[in-house]
Amino acid sequence: MNVEIINEAKSRSAEISNSILNWGEKNLRSFPWRKNPDPYRILIAEILLKRTTATAVNRIYNEFIGLYPDLKALAKANIDELEDFLQTIGYHKQRSKILKKISRVILNEYNAEIPSDFDSLIAIPNIGPYTAGAVLSLGYGIRAAMVDSNVLRIYKRVFFKSLPNKAVNNVINKVAKIILPQKRHAKFNLALLDLGGLICTYRNTHCLKCPIRNFCDSSSIKK
DNA sequence: ATCCTGTGCA
DNA sequence: TGCACAGGAT
């Protein structure tokens, strides 16, 4: 049923992943949570970044890690202090609850060790496939796709001509796994996110600057 | 498949 | 000032 898009993904995967990795060499954005990545730092970053601009998280991230340097510290955190601290980036009530909940679950059920397998991760409340992918790929170096709305949008455009009319998101998840390289998947994931943020944006498609314009169904540039 | 959160931009 | 948004939950 979705044979066509899967075959398209397979036939273009090498060109796409190589071009994106290459683009990433020069164009990756620099954020504090991308430095010295470990599962905890990545987990915190993803929770803070949900529905929140990188600029806002940038302001408080290092201080957050200073106040709550590891999962045990976070599990012990005073909920009101945590909430106050998160005021400036918004969603502070919701987010302080989520952070406490997650840290307590990991402390109690996983002996304060953030799980390193997908199923355990998504079983933790408020950790879904995207955050699980980030923890695995960026935090543990375990190959996992990170499909957020940016990545979804990019692949929908790239494979526009063979998109099925049903269950598009499911298919895109398969496509993402096919294209994700075996090595350097973390770099690739970051580059793909940045491509969505900088080039293949929601409103504009800066195809002229796009490293995969030659492999994209929606490119406005003549091949 | 639809709902939720509250922000940030139109 | 109202609506689109994004990742997760149901």
Table of protein N/O atoms under 3.5 Å from nucleotides 5-8 of chain B N/O atoms:
unit_1	atom_1	unit_2	atom_2	d
B:dT5	O3'	A:Q94	OE1	3.4
B:dG6	N2	A:R51	NH1	2.1
B:dG6	N2	A:Y91	OH	2.9
B:dG6	N3	A:Y91	OH	2.8

Rounded to whole angstroms, how far apart are [atom1] on [X] and [atom2] on [N]?
{"X": "A:K97", "N": "C:dG8", "atom1": "NZ", "atom2": "C1'", "value": "16 Å"}
{"X": "A:I154", "N": "C:dA6", "atom1": "CD1", "atom2": "P", "value": "13 Å"}
{"X": "A:K166", "N": "B:dA1", "atom1": "NZ", "atom2": "C1'", "value": "12 Å"}
{"X": "A:Y130", "N": "C:dA9", "atom1": "OH", "atom2": "P", "value": "15 Å"}
{"X": "A:E46", "N": "C:dG7", "atom1": "CD", "atom2": "C1'", "value": "10 Å"}
{"X": "A:L193", "N": "C:dA6", "atom1": "CG", "atom2": "P", "value": "13 Å"}
{"X": "A:I98", "N": "C:dG7", "atom1": "CD1", "atom2": "C1'", "value": "10 Å"}
{"X": "A:L49", "N": "C:dA6", "atom1": "CG", "atom2": "P", "value": "13 Å"}

Please determine if [X] and [Y] form a salt bridge, counting it only when a charged side-chain N lies under 4.0 Å from a carboxylate O.
{"X": "A:D217", "Y": "A:R12", "answer": "yes"}
{"X": "A:R41", "Y": "A:D70", "answer": "no"}
{"X": "A:E25", "Y": "A:R184", "answer": "yes"}

Item to complete: Give a yes-or-no answer on whether the side chains of A:D117 and A:S120 include a donor-acceptor pair shorter than 3.5 Å.
Response: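 Side-chain D/A pair, A:D117 to A:S120: present.
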Worksheet item: Under 3.5 Å, is there a donor-acceptor pair between the A:S220 and A:R213 side chains?
Response: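 There is no such pair (donor and acceptor under 3.5 Å, judged by atom type) between the side chains of A:S220 and A:R213.
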Item to complete: Enumerate the residues from residues 114-127 of chain A whose closest heavy atom to DNA chain B is under 4.0 Å, giving them by residue number; use none for an empty result.
Response: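 Result for residues 114-127 of chain A: none.
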How close do [X] and [Y] get, heavy atom to heavy atom, and via which atoms?
{"X": "A:I127", "Y": "A:A132", "answer": "CG2-N, 3.9 Å"}
{"X": "A:S219", "Y": "A:C207", "answer": "CA-SG, 4.0 Å"}
{"X": "A:K100", "Y": "A:L74", "answer": "CD-O, 3.7 Å"}

Discussion item. C:dG8, OP1 or OP2 - any side-chain N/O from A:T131 closer than 4.0 Å?
Written reply: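 So the side chain of A:T131 is within the cut-off, an N or O lying under 4.0 Å from OP1 or OP2 of C:dG8.
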Discussion item. Listing request: all ring pair (Phe, Tyr, Trp, His ring centres under 6.0 Å) pairs with a residue in residues 151-182 of chain A, at least two apart in sequence or in separate chains.
Written reply: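 Of all non-adjacent pairs touching residues 151-182 of chain A, none passes ring pair (Phe, Tyr, Trp, His ring centres under 6.0 Å).
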